[in-house]
Amino acid sequence: MNDLFDLFVVFLRAGAFSVGGMAALPQLRQDLVAPGILSEHQVLEALAIGRITPGPTGFYVMVLGYFAAGPLGAVIAIVAAAVPPLSVIAIAGLVRRQILSAWAAGVVRGVVLATAGLLVYTGLTLIAPDRQLLEVPAWQLAITALGAALTIRGSIHPGLLVAAGALAGIALGR
Amino acid sequence: MVERYGWLTHRQFLEDYAISKMSLGINLIAFAGLIGWRVARYRGVVLSVLGLIVPAGIITLLMTAAYVSVQNEPLVRAAISGAGPAAAGLTIGTGITFARQSARRGWRSAIDYGYAVAALLAAFALGARPIAILGAGVIVGAILLRGEPSRASADPSL
């Protein structure tokens, strides 16, 4: 039971210190992989599955929770992840004008830009969870580069991109 | 919601969208809740957030369970060997998109991109302590990065 509470705290904290669904990823990775609850490879699997399933960006937290503690873990993850955005609704009711001020915009910009750097770091270090970057097959690096480029252009649905990657894996990865 | 049901004005929609873009955690939950609040107060928040989370959550749960039961099949492992790098690429692309949407225009964009790159280098150098790097982001942002709202918050199509 204690473990499940710890898991709740991990997901709550990651959500509370991030702006946006993907932004919780660097913190979650640190909290779940470093103590040995999940492997790097499972984080990557969770990202892939979370992109194929419907729902808002950020539902990969359910997959991480499932990997950590089964179906109950998935429920705990999404409940914990829902608390910070719900608290924003209450905060917005109280200080709506201040949230839309230049000062708040600066704080959010600082956090989002820092998150941008952290996400690029996380992606780069997740490509090859089990080995050195130089040992990664060229086709996998090509998929990563293509995935990044298409995401920046915004011209493809993330789920399709992951599905295309899966097909390429079936063709090339055996 | 604006055009079909007339629940809120276009301006209210954009304002809620801007706030949700700045929301902690999963933005869409905040967005759904803010709209729900306008339409039917507490009841609206509960219904809109549950409507967003429950169906997609059940599907995610079932798909994850299905994945776990077949994850050691060679075919599935091969698929993940391609889907994983695609997801890593998505993560990198999302990071770069965050920077592009958040950076200010003109000469100040150089400061903003430089700051994002500094966070990236700090992650490599310090072994990524996300909370420390984000905490620095709050302080630096409040002092140095004020001014125009992010482009993303002004345009829901982004």
Side-chain angles (χ1 to χ4, degrees), chain A residues 15-17 20-22 26-27 44 47-49 53-56 58-59 62-63 66 74 78 81-82 84-86 88-89 92 99 102 105-114 116-123 126-127 140 143-144 147-148 151-152 158 161-162 165-166 168-170 173-174, chain B residues 18-19 22-30 33-34 37 45 53 56-57 59-61 63-64 67 75 78-99 102 112 115-116 119-120 123-124 128 130-131 133-134 137-138 140-142 145-147 149-150:
Chain A
F17 284 93
M22 281 299 283
Q27 184 64 42
L44 206 50
L47 281 175
I49 296 168
T53 59
F59 266 44
M62 286 192 75
V63 187
Y66 193 106
I78 193 64
L86 286 175
V88 166
I89 299 169
I99 289 183
V107 171
V108 170
R109 177 170 290 117
V111 172
V112 171
L113 288 171
L118 285 170
L119 280 177
V120 172
Y121 169 83
T122 303
L126 272 180
I127 303 168
Q140 286 188 329
I143 288 178
T144 304
T151 303
I152 294 165
L161 193 59
V162 171
I170 289 170
R174 285 192 286 177
Chain B
I19 290 174
M22 297 163 64
S23 160
L24 306 173
I26 301 174
N27 315 113
L28 265 180
I29 294 178
L34 286 166
W37 175 257
V45 173
I53 290 179
I59 295 171
T60 303
L61 201 61
M63 283 185 69
T64 308
Y67 173 76
L75 190 68
I80 278 292
S81 75
L90 266 166
T91 306
I92 296 168
T94 303
I96 294 170
T97 304
F98 272 23
S102 186
D112 295 1
Y115 178 64
L120 170 65
F124 271 110
I131 288 189
I133 293 174
L134 293 175
V138 171
V140 173
L145 309 176
R146 297 167 57 163
S150 85

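Scanning all heavy atoms of the two residues, the minimum distance from A/G117 to B/L120 falls at O-CD1, 3.4 Å. Residues B/Y115 and A/G110 approach most closely at CE2-O, 3.4 Å, considering heavy atoms. Shortest non-hydrogen contact noted between B/G95 and A/L119 is CA-CB, 3.8 Å. Smallest separation of non-hydrogen atoms from B/T60 and A/P54: OG1-O, 3.9 Å. The heavy-atom pair separating A/Q27 from B/P130 by the smallest distance is OE1-CB, 3.2 Å. Between A/I143 and B/A86, the shortest heavy-atom distance links the atoms CG2-N, 3.5 Å.
In this structure, the separation between CE on A/M22 and CG on B/N27 is 12.0 Å, given to the nearest 0.5 Å. For the atom pair CZ (A/F17) and CD1 (B/I133), the distance works out to 14.0 Å, reported to the nearest 0.5 Å. In this structure, A/L126 CG and B/T91 OG1 are separated by 6.5 Å, a value rounded to the nearest 0.5 Å. Once rounded to the nearest 0.5 Å, the distance linking CZ of A/F59 with CG of B/L28 reads 9.0 Å.
When each of B/A88, B/A83, B/A119 is scored by its heavy-atom pairs under 4.5 Å with chain A, the top score falls to B/A83. For the set A/I152, A/V63, A/V111, the entry with the most heavy-atom pairs within less than 4.5 Å of chain B is A/I152. Of the listed residues (A/T53, A/L113, A/V162, A/L161), the one with the most heavy-atom contacts under 4.5 Å to chain B is A/L113. Of the listed residues B/L61, B/L90, B/I80, B/I92, the one with more heavy-atom pairs under 4.5 angstrom with chain A than any other is B/L90. Ranked by heavy-atom pairs shorter than 4.5 Å toward chain B, the options A/P26, A/G20, A/G55, A/G147 are led by A/G20.
For A/A92, the side chain to side chain contact (heavy atoms under 4.5 Å, CB included) partners are A/I99, B/I19, B/L34, not counting sequence neighbours. Listed by chain and residue number, A/L86, A/I89, B/W37, B/V49 satisfy the side chain to side chain contact (heavy atoms under 4.5 Å, CB included) test with B/V45 (two or more places apart in sequence, or in another chain).
Judged purely by atom type and a 3.5 angstrom limit, A/T151 has no side-chain atom pairing as donor or acceptor with the backbone of B/T94. When atom types are taken as modelled, the side chain of A/R109 and the backbone of B/G141 share no donor-acceptor pair closer than 3.5 angstrom.
A 4.5 Å side-chain heavy-atom check between A/I78 and B/I26 finds at least one atom pair inside the cut-off.
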Verdict with supporting geometry, B/I29 and A/V88, side-chain contact (heavy atoms from CB on, under 4.5 Å): CA-CA 10 Å; B/I29 294 178; A/V88 166; over 6 Å; no
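Both the backbone and the side chain of B/V138 have a heavy atom closer than 4.5 Å to some heavy atom of chain A. Heavy atoms of A/I49 lying under 4.5 Å from chain B belong exclusively to its side chain. For chain B, the nearby part of A/Y66 is the side chain; its heavy atoms alone come within less than 4.5 Å.
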